[in-house]
Amino acid sequence: MFIELRKGMLLYPGTFNAIIAPENVLVSAIKSNPDLQRFLFLYISGNYSRILTSIGRIDTNFEICRAFTAQQLFTILQNASHTVIFLEHDPTLFDGAEQMLPQISGMLKDAGRESLVILYSPSMDRAFSSLMRKADHIIEIAFNDEGLRRPPGHGTSQRWKQGCRSPQQRTLEVT
């Protein structure tokens, strides 16, 4: 059993993987792998989920847990005995509980000895950075607006260089 994120990019049981990628990448990887329905799959989200409604899996092996605090996440991970553990990162869980980050990172690493553990976030933040320190694999997939892979160091478009505002710009430009 494995999950293929992209061609040749495989996630196997017995590993703790930290993934930073657009939501559609993870949704596609989960939905395109029908073998996952045979295994116990634990989906953990925090106060909100960006991708759970897009997955659309309804089967007896797919369990969903929500953690509203770092302590609840700790308890869920303590009791997890699933083949796949997918944690959608929510930085608000650790507001005021930053001291639990190393302990939870250790729990994810321990769970990864017997399960396929995926810690997912669409972007990096301090809490995610702390949680991923013990990961076996750290994968970052970045895409531009057209969904094409952006080569490193080529983040600016030709239009931006010519003085037009970037399509990602959300604030007014000061001149």
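- Residues Leu73 and Phe68 have side chains not in contact (no heavy-atom distance under 4.5 Å, counting atoms from C-beta outward).
- Between Met124 and Ser129 there is a side-chain heavy-atom pair separated by less than 4.5 Å.
- Counting heavy atoms from C-beta on, the side chains of Tyr48 and Asp90 come closer than 4.5 Å.
- At distances below 3.5 Å, not a single donor-acceptor pair connects side-chain atoms of Ser115 with backbone N or O atoms of Gly112.
- Residues Leu77 and Leu108 meet the side-chain proximity criterion, which asks for heavy atoms closer than 4.5 Å.
- Looking at heavy atoms from C-beta onward, Phe74 lies in side-chain contact with Met100 at the 4.5 angstrom threshold.
- Residues Leu131 and Phe94 meet the side-chain proximity criterion, which asks for heavy atoms closer than 4.5 Å.
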inquiry  = With side-chain hydrogen bond (donor to acceptor under 3.5 Å, both in side chains) as the criterion, how do Asp125 and His89 come out once you've worked through the C-alpha distance, each side chain's angles and the decisive distance to 0.1 Å?
reply    = CA-CA 10 Å; Asp125 61 36; His89 174 63; 3.1 Å; yes

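- No more than 12 heavy atoms of other residues, nucleotides or ligands lie within 6.0 Å of CD in Glu114, so this atom counts as exposed by the packing criterion.
- Using a 4.5 Å heavy-atom cutoff, the side chains of Phe16 and Arg113 are not in contact.
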Verdict with supporting geometry, Glu88 and Ser49, side-chain hydrogen bond (donor to acceptor under 3.5 Å, both in side chains) = CA-CA 7 Å; Glu88 184 178 356; Ser49 174; 2.6 Å; yes

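- A side-chain contact (heavy atoms from CB on, under 4.5 Å) with Asn17 is found for one member of Ile3, Asp136, Leu116, Leu119 and no other, namely Leu116.
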